[in-house]
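Down below is the structure, laid out as structure tokens.
All figures in this text were calculated on a predicted structure; none of them were measured in a lab.
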Amino acid sequence: MDWNKTKTIFILVFLILDLFLIYQYFEKKNSNQYELIAESPFEERLSENEIKYTVLPKESVKERYISSKSKSFKVDDTRKLRNQEVTLYGNQKLSAKLEKPFPLSEGTHNEALDAFVKETILSGDLYKYWDYDNAENAIIYYQTYDNKMFYNNMNGKLVLYMNANREVTYYEQTLLENIEEFNEKEEVLPAIKAIETLFTKGYLKPKSKITKVELGYYTLVQLTASHVLTPTWRIVINDEENMYVNALEGQIIQFDTEDKILE
């Protein structure tokens, strides 16, 4: 065996391997640099404007549009409600007065209230706490699907009215049913891109703080009895202002007396 020849072959092999590893290292380094270059400018603009934000969802998500219909409440539905005086309005709205008011021990929302909703109200497990309406002294819940809320949806809403003693005395309810997913799943706009849209359009002011970002649904098309809803980012600014961005198409959605989509 020619040891010198063998040694030379080993040296060449290891040299080639080293060159390959060095090449891989710089490729990966350059790739990471490109990612930073692609991602950093907007984040730098947020920093320059002293805009802070909570931890954002990072994972890639695919969602579909969903359709639903307003539930027509029947007399049989009212029979399921015990110790309540029930009234139906046009079949799509139910109002009930409680024979025994429910006392709210603290704040405007707690686990006991959630349990009351689930146990006392038709399909109560589908609703999630939203907010307290000081003017009406009422607590608002909205319906959910796949644990995602139907934002500002008058057709999937539960309002609990309280008396001066902080007791829930009656409630009004609407409900969406026959919920179905349709069309192919589409890639959801990343949360940071939704924030960038708000910033670019002037809805995110300097020194703001984004305190919550979550995915839900907004009614895109509303017909007489059926509805089409689209995945929507809810972005909470300074713990008080809610902004919404269509998570599939990217438009800003503004809620007022008549919902508007802003280009």
Within a strict 4.5 Å, meaning less than it, do heavy atoms of the [X] and [Y] side chains meet?
X    : Y    : value
L88  : F73  : yes
I252 : Y244 : no
T169 : M162 : no
I51  : K209 : no
D114 : H109 : yes
Y217 : T230 : no
L198 : I235 : yes
P103 : N165 : no

More than 12 heavy atoms from other groups under 6.0 Å of CD on E249
yes
Please determine whether the number of non-hydrogen atoms from other residues, nucleotides or ligands lying under 6.0 Å from atom CG of N147 exceeds 12.
no
Could you walk me through whether L175 and K157 pass the side chain to side chain contact (heavy atoms under 4.5 Å, CB included) test, one step at a time?
CA-CA 7 Å; L175 180 66; K157 186 176 183 180; over 6 Å; no
Indicate whether any N or O donor in one side chain lies under 3.5 Å from an N or O acceptor in the other, for Y151 and T219.
no
Between H227 and S67: side-chain donor-acceptor atoms closer than 3.5 Å:
no
Spacing of [atom1] belonging to [X] relative to [atom2] belonging to [Y], to within rounding of 0.5 Å:
X    : Y    : atom1 : atom2 : result
N155 : S68  : CG    : OG    : 7.5 Å
I237 : K212 : CD1   : NZ    : 14.5 Å
E186 : E184 : CD    : CD    : 9.0 Å
D131 : E240 : CG    : CD    : 11.5 Å
L158 : Y171 : CG    : OH    : 8.0 Å
Q143 : E177 : CD    : CD    : 9.5 Å

Single-linkage hydrophobic cluster, 4.5 Å side-chain cutoff, [X] and [Y] together:
X    : Y    : answer
Y132 : Y142 : no
V168 : V86  : yes
I192 : V245 : yes
L229 : I179 : yes
V188 : F42  : yes

Less than 6.0 Å separating the ring centroids of W130 and Y141?
no
For the ring pair F150 and Y218, is the centre-to-centre distance below 6.0 Å?
no
Return the minimal non-hydrogen interatomic distance between [X] and [Y], and the atom names on each side.
X    : Y    : value
G250 : T197 : O-CG2, 3.7 Å
R234 : N242 : NE-OD1, 2.8 Å
L189 : W233 : O-NE1, 2.6 Å
R166 : G107 : NH2-O, 2.7 Å
L113 : T108 : CD2-O, 3.8 Å
V159 : A138 : CG1-CB, 3.7 Å

Distance-only criterion, 3.5 Å: show the donor-acceptor pairs between side-chain atoms of residues 115-128 and protein atoms not counting sequence neighbours.
unit_1, atom_1, unit_2, atom_2, d
T120, OG1, F116, O, 2.8
Y127, OH, Q173, NE2, 3.1
Y127, OH, T174, O, 2.6

Does this structure show an ion pair linking [X] with [Y], if we count only N-O contacts that are shorter than 4.0 Å?
X    : Y    : value
E172 : K93  : yes
E48  : R45  : no
R82  : E99  : no
D77  : K74  : no
R64  : E181 : yes

State which residue, out of N238, D239, T54, fulfils the side chain to side chain donor-acceptor pair (under 3.5 Å) condition with T211.
D239
If you apply the rule side chain to side chain contact (heavy atoms under 4.5 Å, CB included), what do you find for N153 with L176, and how did you get there?
CA-CA 10 Å; N153 198 311; L176 292 171; 3.9 Å; yes
In terms of ring plane angle, is the pair Y161 and Y170 parallel, tilted or perpendicular, where the classes change at 30° and 60°?
parallel
Check step by step if side chain to side chain contact (heavy atoms under 4.5 Å, CB included) holds for L204 and I195.
CA-CA 8 Å; L204 189 55; I195 293 171; 3.7 Å; yes
Are any side-chain N or O atoms of D146 and backbone N or O atoms of K148, one a donor and one an acceptor, separated by less than 3.5 Å?
no
For the side chain of D133 and the backbone of N137, is there at least one donor-acceptor N/O pair under 3.5 Å apart?
no
Worked check of side chain to side chain contact (heavy atoms under 4.5 Å, CB included) between L94 and L81:
CA-CA 11 Å; L94 181 152; L81 299 172; 4.0 Å; yes
